[in-house]
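Below: the structure, in structure tokens.
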Amino acid sequence: MEAAKPLINAFRTKSKQATLLWLEGFREACCLHRVFILCYRSRKLLIRTGQCFLLNGFIFLGSIIILNSVIVPALQWILPDRCPEFSSQELCSFGGILKFYSFLRLGLIQLFYVTWFYPLYVFSIILSNIWYNDIAKYGFAAMGRSGPTTLDPVRQNEALALQIGAGTERPTGLGGVMIGIGEQVYSLLLLSCFFLEVYVTGFIPYAGKALNFLLLSWMYAYYCFEYKWNFSEVRLDKRLDFFESNWAFFAGFGSPCVLPVLFFSPLVSYGFMAILFPLFVLTATGSEAEQVISSQRTKWEVAGFGRLPIFNAADTLSNPRSCFRKRKTAKKLGVMLTQVLNRSSIPPNLYII
């Protein structure tokens with residue numbers, strides 16, 4: 001028992017550190033006053049954010065409310081599944097008519113889903129992803145409008161990005177552009193495999209729901225910060241190292257965005273998350289996560305907890321022959337894209353977005 005005390009004390013210390021970082025991440029995500037400040041500075045940002053609310057909140061969630069509050073009760077009244085008291089008993093004695101009503105009612109509801117909800121869902125995903133990029137871009141630009149008397153936050157972000165991304169510099173010219181595109185392609189593959197991992201964990205009995213919530217929190221937190229890291233030109237391997245080394249902070253940051261999953265159906269939770277996501281993208285853009293984590297770590301008397309390989313399984317799936325970190329794979333993709341450009345008659349600058 002005495003020999004186990006050091007291990008118990010170490011576990012308590014690590015748990016306390018992880019809890020404090022989780023709370024810091026949750027607090028950073030809930031700093032929604034940054035959204036109002038950035039929208040006040042940028043009219044384009046205000047318009048894009050309003051469009052997200054209009055599409056996902058008013059139209060998408062509004063359609064679900066109308067379906068459940070108006071259309072379904074009306075169909076229940078027109079096509080009842082029970083015999084009303086005032087109807088003819090001869091009609092009710094024929095049980096097939098009630099089954100036909102039930103079948104017709106369910107068919108009309110499914111027709112509403114097929115002709116309206118599912119196309120609206122796909123349209124919302126496509127259009128929202130385009131708007132999210134615009135929101136992050138306008139929000140990042142608005143960070144540089146804080147006034148002449150204060151230090152430019154964009155400069156601060158660039159300095160922090162250089163600290164995180166210190167190491168081998170990216171080549172200039174077309175090679176650097178191709179490596180950047182390669183990193184984006186690899187990042188997309190990595191996150192797609194991670195999403196598959198999140199989906200599979202949802203089927204695990206008992207612990208599946210909690211594990212699914214945790215993985216979703218990490219995924220949405222990474223998405224929120226990825227826009228900022230892309231604009232700051234932080235290398236992919238460095239951003240993943242930073243993310244996995246501070247997993248408790250990012251688990252806390254992604255939790256508020258994923259909370260609707262615990263309380264609503266998949267379609268309703270998607271609508272709420274589509275509304276919340278751009279807000280948390282803006283809070284991540286205005287967040288000084290590096291400074292918050294650093295200030296928290298300086299309070300610890302002992303070394304912090306280690307790195308958690310969150311993306312290890314997804315990394316193995318997306319690159320099964322090698323478990324080297326993203327940089328080498330991104331270089332390979334960049335070289336391949338460069339070779340394609342050299343053999344193509346299309347001018348290289350057309351590939352630069």
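A quick note: this is a predicted structure, and the numbers were derived from the prediction, not measured.
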Indicate yes or no for a side-chain donor-acceptor contact from [X] to the backbone of [Y] under 3.5 Å, with no hydrogens or angles considered.
| X | Y | result |
| --- | --- | --- |
| Thr283 | Phe280 | yes |
| Ser42 | Leu38 | no |
| Ser295 | Val292 | yes |
| Glu24 | Phe249 | no |
| Ser287 | Ala289 | yes |

Atom pair [atom1] ([X]) and [atom2] ([Y]), whose distance is rounded to the nearest 0.5 Å:
| X | Y | atom1 | atom2 | value |
| --- | --- | --- | --- | --- |
| Ser265 | Asn68 | OG | CG | 8.0 Å |
| Leu276 | Leu32 | CG | CG | 8.5 Å |
| Lys137 | Asn230 | NZ | CG | 13.0 Å |
| Arg105 | Ile71 | CZ | CD1 | 14.0 Å |
| Ser255 | Leu23 | OG | CG | 10.0 Å |
| Leu61 | Ile66 | CG | CD1 | 11.5 Å |

Ignoring hydrogens, what is the shortest heavy-atom contact between [X] and [Y]? Give both atom names and the distance.
| X | Y | value |
| --- | --- | --- |
| Pro260 | Ser269 | O-CB, 3.7 Å |
| Ala248 | Leu21 | CB-CB, 3.9 Å |
| Cys257 | Met273 | O-CG, 3.2 Å |
| Leu279 | Val35 | O-CG2, 3.6 Å |
| Ala29 | Pro256 | CB-CG, 4.0 Å |
| Asn246 | Phe242 | ND2-O, 2.8 Å |

Donor-acceptor pairs under 3.5 angstrom involving side-chain atoms of residues 119-136: please list them, not counting sequence neighbours.
from	atom 1	to	atom 2	distance (Å)
Ser124	OG	Asn56	OD1	2.4
Ser124	OG	Tyr270	OH	2.8
Ser128	OG	Asn56	ND2	3.2
Ser128	OG	Ser124	O	2.6
Asn129	ND2	Ile125	O	2.5
Tyr132	OH	Ala274	O	3.0
Asp134	OD2	Arg48	NE	2.9
Asp134	OD2	Arg48	NH2	3.3

Are [X] and [Y] linked, directly or through other ILVMFWY residues, by side chains that come within less than 4.5 angstrom of each other?
| X | Y | result |
| --- | --- | --- |
| Ile59 | Val114 | yes |
| Met219 | Leu240 | yes |
| Phe112 | Trp77 | yes |
| Phe263 | Ile65 | no |
| Tyr40 | Ile47 | no |

Taking the side chain as everything from C-beta on, heavy atoms only, tell me whether [X] gets closer than 4.5 Å to [Y].
| X | Y | result |
| --- | --- | --- |
| Thr201 | Ile204 | yes |
| Lys209 | Leu262 | yes |
| Leu215 | Phe194 | yes |
| Thr49 | Leu282 | yes |
| Trp218 | Leu308 | yes |
| Phe60 | Leu267 | yes |

Item to complete: Carefully, step by step, assess Phe272 and Phe264 under the rule ring pair (Phe, Tyr, Trp, His ring centres under 6.0 Å).
Response: CA-CA 9 Å; Phe272 278 107; Phe264 303 105; 4.8 Å; yes

Ring centres under 6.0 angstrom apart ([X], [Y]):
| X | Y | answer |
| --- | --- | --- |
| Phe225 | Phe250 | yes |
| Phe26 | Phe253 | no |
| Tyr227 | Tyr223 | no |

Worksheet item: When you look at Val72 and Leu75, which way does the side-chain contact (heavy atoms from CB on, under 4.5 Å) test go after all the steps?
Response: CA-CA 5 Å; Val72 171; Leu75 290 176; 5.7 Å; no

Worksheet item: Taking NZ, NE, NH1 and NH2 as the nitrogens, is one of them in Glu28 or Arg34 under 4.0 Å from a carboxylate oxygen of the other?
Response: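 Arg34 and Glu28: salt-bridged.
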
Using the six-membered ring wherever Trp is involved, compare the ring planes of [X] and [Y] and label them parallel, tilted or perpendicular (cut-offs 30° and 60°).
| X | Y | answer |
| --- | --- | --- |
| Phe117 | Tyr113 | tilted |
| Tyr220 | Phe277 | perpendicular |
| Tyr222 | Phe243 | perpendicular |

Worksheet item: Checking side-chain contact (heavy atoms from CB on, under 4.5 Å) against Arg239, which of Leu236, Asp241, Asp237 comes through?
Response: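 That would be Leu236.
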
Fill in: Worked check of side-chain contact (heavy atoms from CB on, under 4.5 Å) between Leu67 and Ile64
CA-CA 5 Å; Leu67 173 66; Ile64 295 177; 5.6 Å; no

Practice prompt. Dump the intermediate steps for side-chain contact (heavy atoms from CB on, under 4.5 Å) on Asn212 and Phe203, then the final yes or no.
Written response: CA-CA 9 Å; Asn212 184 262; Phe203 295 97; over 6 Å; no

